[in-house]
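Input: a single structure, listed below in structure tokens.
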Number of protein chains: 2
Amino acid sequence: MKISAQEEFGLRCLLQLARADATGELLTLAQIAGREGISVANAGKLMWILNKAGLVQSQRGIKGGYHLARPASEIHLNQVIRVLDGERVDSHCKSYAGVLDACVHTGDCGIRPVIVELHQIVDNALSEITLSQLLDTEANVDATLHQIQITKQRTEQRA
Amino acid sequence: MKISAQEEFGLRCLLQLARADATGELLTLAQIAGREGISVANAGKLMWILNKAGLVQSQRGIKGGYHLARPASEIHLNQVIRVLDGERVDSHCKSYAGVLDACVHTGDCGIRPVIVELHQIVDNALSEITLSQLLDTEANVDATLHQIQITKQRTEQRA
DNA sequence: TTTAAAGTTGACTTTAAAGTAAGGTTTCGC
DNA sequence: GCGAAACCTTACTTTAAAGTCAACTTTAAA
């Protein structure tokens, strides 16, 4: 139940675009990849997925790049995660029918609704968060870290 | 952000034990594996993990088997998932320090708190659910499916 | 005390995800 | 138009997780 590498870096790239969105500038693959510490090829793959899903828009040719398809405040995390996850698999249980009487449909079983419910809980939690909210959180964390740095420096000065 | 095979089948095995807990009987690896449609070796691996984590207890020797270490109502899903997940990785971002000024600690970066927050949201949601609650949900689903079967039969009888 | 049932452990094989690479296509500036 | 910049697409390689196998250890009953 942990976040996958594709989900994490895809989300990071979207946050890059969300920051750039304020100034209206486009970001190229090289810029995105460089800032995230991943290869241009990998960034291209992620952006292709996000583009196909309609979360970002691309401008081809020289002076091209990527930008968000919608305002950051209208992009919810459950949409992002669902897109980057590929096809959502509700259960790993295959051909379970017949083992228990509770199984009434081929490839289905009584426990599967439980798994589905878990995914819905996660989905609901993620649907409450937007990209712009993440940017706010990030800003607060940065301020906190900066404060820690200052406190640390003062402590060292006293010593 | 999907459930892994190990998490799903580990949870399934725990539910088996939770059902057996009512009658006080022990379940052998062969029984658990057979009911879940997985190999005995795989079931043994899962139960070893759960045993090491203190969620189940084993009785060795002839007439042996497994049972829950605590009542099903006291086992929360976040504990189960955390155990079956192995070491929780908060972020896939390695050696990110230096790429952005926001990185103040080795191997840490400004976006990581966002990932941590996501995991906490999931963890909180899972901590609200116990094994016994899942059994209740399952019973309701079974009843619903049974009702559908009856309705279907009546419809067929009319035709 | 012997024996068989049952759990334990580590090595091996398989499989799916992640990342990489290369060529193709589109667009803008000159 | 011509070329360079930038995105698009498919195929390949690498790597980590999952599952399997086989030998070992422990336990309890006869």
Side-chain angles (χ1 to χ4, degrees), chain A residues 1-13 17 20 25-34 36-67 69 81 83-89 91-95, chain B residues 1-13 17 25-34 36-67 69 81 84-89 91-95:
Chain A
M1 209 90 202
K2 59 183 68 165
I3 197 167
S4 72
Q6 181 154 298
E7 290 169 325
E8 174 174 341
F9 287 115
L11 179 58
R12 285 172 185 274
C13 292
L17 294 183
E25 65 174 330
L26 299 182
L27 291 186
T28 67
L29 282 183
Q31 289 176 312
I32 295 172
E36 293 301 342
I38 61 178
S39 71
V40 174
N42 197 8
K45 185 180 180 182
L46 293 174
M47 297 311 290
W48 176 73
I49 293 173
L50 294 171
N51 189 4
K52 198 177 58 172
L55 289 177
V56 305
Q57 285 178 350
S58 65
Q59 177 74 30
R60 300 183 79 149
I62 203 169
K63 298 271 184 181
Y66 288 95
H67 64 93
I81 295 298
V83 162
L84 291 168
D85 232 354
E87 292 225 347
R88 177 164 290 276
V89 177
S91 170
H92 295 86
C93 165
K94 314 289 184 195
S95 66
Chain B
M1 209 90 201
K2 61 182 68 165
I3 197 168
S4 73
Q6 181 155 299
E7 290 169 326
E8 174 175 340
F9 287 115
L11 179 57
R12 285 172 185 275
C13 292
L17 294 184
E25 65 174 329
L26 300 182
L27 292 185
T28 68
L29 281 183
Q31 288 175 313
I32 296 171
E36 292 302 341
I38 60 179
S39 70
V40 173
N42 196 11
K45 185 182 180 182
L46 292 173
M47 297 311 291
W48 176 73
I49 294 173
L50 294 171
N51 190 3
K52 197 178 58 172
L55 289 177
V56 306
Q57 286 177 349
S58 65
Q59 178 73 29
R60 301 184 78 147
I62 202 167
K63 299 270 184 183
Y66 288 95
H67 65 95
I81 296 298
L84 291 168
D85 234 352
E87 291 226 347
R88 178 163 291 275
V89 177
S91 170
H92 295 85
C93 166
K94 313 288 185 196
S95 65

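Here is the naming used below: chain letters follow the sequence lines, and residue numbers restart at 1 for every chain.
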In this structure, CG of B:Leu26 is separated from CD of B:Gln31 (nearest 0.5 Å) by 9.0 Å
Secondary structure string for DNA chain D (Watson-Crick or G-U under 3.5 angstrom, | for other-strand pairs): ||||||||||||||||||||||||||||||
Find the distance between CD1 (A:Ile32) and CG (A:Leu46) and round it off to the nearest 0.5 Å. 9.5 Å
For a quick test of reading the model: is some side-chain N or O of A:Ser58 closer than 4.0 Å to OP1 or OP2 of D:dC8? yes
Chain A on DNA chain C: first and last contacting nucleotide, 5' to 3', under 4.0 Å to a heavy atom? C:dA18 to C:dC28
State, with a plain yes or no, whether a side-chain heavy atom of B:Ile38 is found less than 4.5 Å away from one of B:Arg12. no
By nearest nucleotide on DNA chain C, pick out whichever of A:Ile62 and A:Lys45 is the more 5' one. A:Lys45
Side-chain donor-acceptor distances from residues 52-66 of chain A under 3.5 Å, at least two apart:
{"unit_1": "A:Ser58", "atom_1": "OG", "unit_2": "A:Asn51", "atom_2": "ND2", "d": "3.2"}

Min side-chain heavy-atom separation A:Met47-A:Leu27 under 4.5 Å: no
Tell me whether the side-chain N/O atoms of A:Trp48 come closer than 4.0 Å to OP1 or OP2 in D:dT9. yes
All N/O pairs under 3.5 Å across the protein-nucleotides 21-25 of chain D interface:
{"unit_1": "D:dT25", "atom_1": "O2", "unit_2": "B:Arg60", "atom_2": "NH2", "d": "3.2"}

From CD1 of B:Ile38 over to C1' of D:dG19, roughly how many Å is that when rounded to an integer? 10 Å
For residues 40-50 of chain A, which residue pairs pass the side-chain hydrogen bond (donor to acceptor under 3.5 Å, both in side chains) check, not counting sequence neighbours? none
Rounded at 0.5 Å granularity, tell me how far CD in B:Glu7 sits from NZ in B:Lys2. 12.5 Å
Contacts of A:Gly61 and A:Ser4 projected onto DNA chain C by closest heavy atom; the upstream (5') one is A:Ser4
Rounded to whole angstrom units, what separation is found between the CG atom of B:Leu46 and the P atom of D:dT20? 10 Å
Rounded to the nearest Å, what distance is computed from the CG atom of residue A:Leu50 to the C1' atom of nucleotide D:dC7? 14 Å
What does A:Gly44 touch in the nucleic acid at a heavy-atom separation under 4.0 angstrom: a base, only the sugar-phosphate, or nothing? nothing
Ignoring backbone atoms, test whether A:Asn51 places a side-chain nitrogen or oxygen under 4.0 Å from the OP1 or OP2 oxygen of D:dC7. no
